[in-house]
Amino acid sequence: MNVIISNLTSKKPIYHRAGCFYEKRIKYGNRLMISKAFAESKGMCACQYCCGFKGEIRTRTDEMKSWEETYNLSIMYKYNSLYILTDMGCWRIFYKQDIGKYILYHKNYYDRNLEKNDAIMGKYHRQRDVKETESLERLMSYISKHDKAKAVIMDDYKKLPQTTKAQKKYYRQAKNRAHRSAVRRVDYLFSLLESNDPGLKQMAFC
Ligand SMILES: [Zn+2]
């Protein structure tokens, strides 16, 4: 990532993320763009306004609005996390400070009829097929694709695309899930029948 400093500062300058309120006040001719790694290697300090997770949220509000429109989702910053709600699910993005990367969590159960504040409460699991990343864009795009596919599966998994390797893998997983769910439904049906008529179990021989 690149950061911005003022080349007028005599001592160690403070570096800013692009879009920071204070970065915008540095005159055009005095601005210098350097890599964050270089700034850190020179012992420069991060601006308190635009550094870290909160700083990213503060400086990227316009982009977040455009993601909401492009991907048809809604983004909330709460409890030190980003919550993303779609028609199909609820997601949590957590910034892990020590590695400087985002981790994606998926809500176990989502009720879209609830108010946003209530809908985000409850248990989440780590979305294992998504590696920790520095890119919020990548996570937004993943969430959108995931939930679009989920909507297709709820209709019929056979309608999922099978062009790329990743799509083929996802298709197989959806097929297996549909199979497991069919087996569970039959098991449940049999256990219901047998509980109503215990004699039926003795008739079962396979
Ligand atoms: Zn700043």
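Indexing begins at 1, ligand by ligand and atom by atom, following the structure's order.
Taking the ring centre of Tyr49 as origin, the terminal cationic atom of Arg58 falls inside the region bounded by 6.0 Å and 45° from the ring axis.
Proximity of a side-chain donor or acceptor of Glu63 to a complementary backbone N or O of Arg60 within less than 3.5 Å is not detected.
Aromatic ring centroids of Phe53 and Tyr95 lie under 6.0 Å apart.
At a cut-off of 2.8 Å, Cys51 is not counted among the residues with an N, O or S atom near the Zn ion (ligand 1).
Seen from the Zn ion (ligand 1), atom SG on Cys20 and atom SG on Cys50 lie at an angle near 100° (rounded to 10 degrees).
The N, O or S atom of His16 with the smallest distance to the Zn ion (ligand 1) is ND1.
Side-chain contact of Tyr142 with Asp129: a donor-acceptor pair under 3.5 Å is present, judged by distance alone.
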